[in-house]
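Here the structure is laid out as structure tokens; the discussion comes afterwards.
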Amino acid sequence: MTPRPSTHNPITKSYAIDQITDIEQLRKVAHRMWEALVACRAQGEHSFRVAVGDDTCEPCQAAIDGDPDAFGCDHHRTWQRLVDRGFGSV
């Protein structure tokens, strides 16, 4: 199977996706990107709710407040790993 022609800039993820010829690899990329999207949304919603006072999470509040030693709660860090993994899929 040959890569499909791409209208995207060759240094973009969109171009790289267009070059995938192995359907199983494409499925893995799609799943990782979907997980990243869901994690990004959950992470953002959690951070927003903590920032506006609708939710209580001391580790995330400390990070929002600028504590250099705070990295958010376990959920926040798990979501971040999924986001990093998904954006690095291609």
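Through chains of ILVMFWY side-chain contacts below 4.5 Å, V50 is grouped with I64.
Comment: R32 does not engage E35 in a salt bridge, judged by the lack of any side-chain N to carboxylate O separation of less than 4.0 angstrom.
A39 approaches L82 most closely through the heavy-atom pair CB-CB, 3.7 Å. Heavy-atom minimum distance, A63 versus A70: N-CB, 3.5 Å. In terms of heavy-atom proximity, T21 sits nearest to P3 at CG2-N, 3.5 Å. In terms of heavy atoms, I20 sits closest to V29 at CD1-CG2, 4.1 Å.
Between C57 atom SG and H76 atom NE2 the span is 9.0 Å, to the nearest 0.5 Å. Taking SG from C73 and CD from Q43, the interatomic distance works out to 9.0 Å, rounded to the nearest 0.5 Å. Taking CG of D55 as the start and CD of E45 as the end, the distance is 9.0 Å to the nearest 0.5 Å. D65 CG to C60 SG: the interatomic distance, rounded to the nearest 0.5 Å, is 11.0 Å. With rounding to the nearest 0.5 angstrom, the OG1 atom of T2 is 9.5 Å from the CD atom of Q19.
Counting only residues at least two apart or in different chains, ring pair (Phe, Tyr, Trp, His ring centres under 6.0 Å) contacts with residues 23-55 comprise H46-W79.
Under a cut-off of 6.0 angstrom, the local environment of NZ in K13 is crowded, with over 12 non-hydrogen atoms contributed by other residues, nucleotides or ligands. In this structure, R77 places its CZ atom where more than 12 heavy-atom neighbours from other residues, nucleotides or ligands lie under 6.0 Å away.
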Going through the checks in order, is the side chain to side chain contact (heavy atoms under 4.5 Å, CB included) test met by T78 and R81? CA-CA 5 Å; T78 298; R81 281 191 295 276; 3.2 Å; yes
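The backbone N or O of I11 sits less than 3.5 Å from a side-chain atom of N9, completing a donor-acceptor pair.
In the hydrophobic cluster analysis, where Ile, Leu, Val, Met, Phe, Trp and Tyr join through side-chain heavy atoms closer than 4.5 angstrom, I23 is grouped together with I17.
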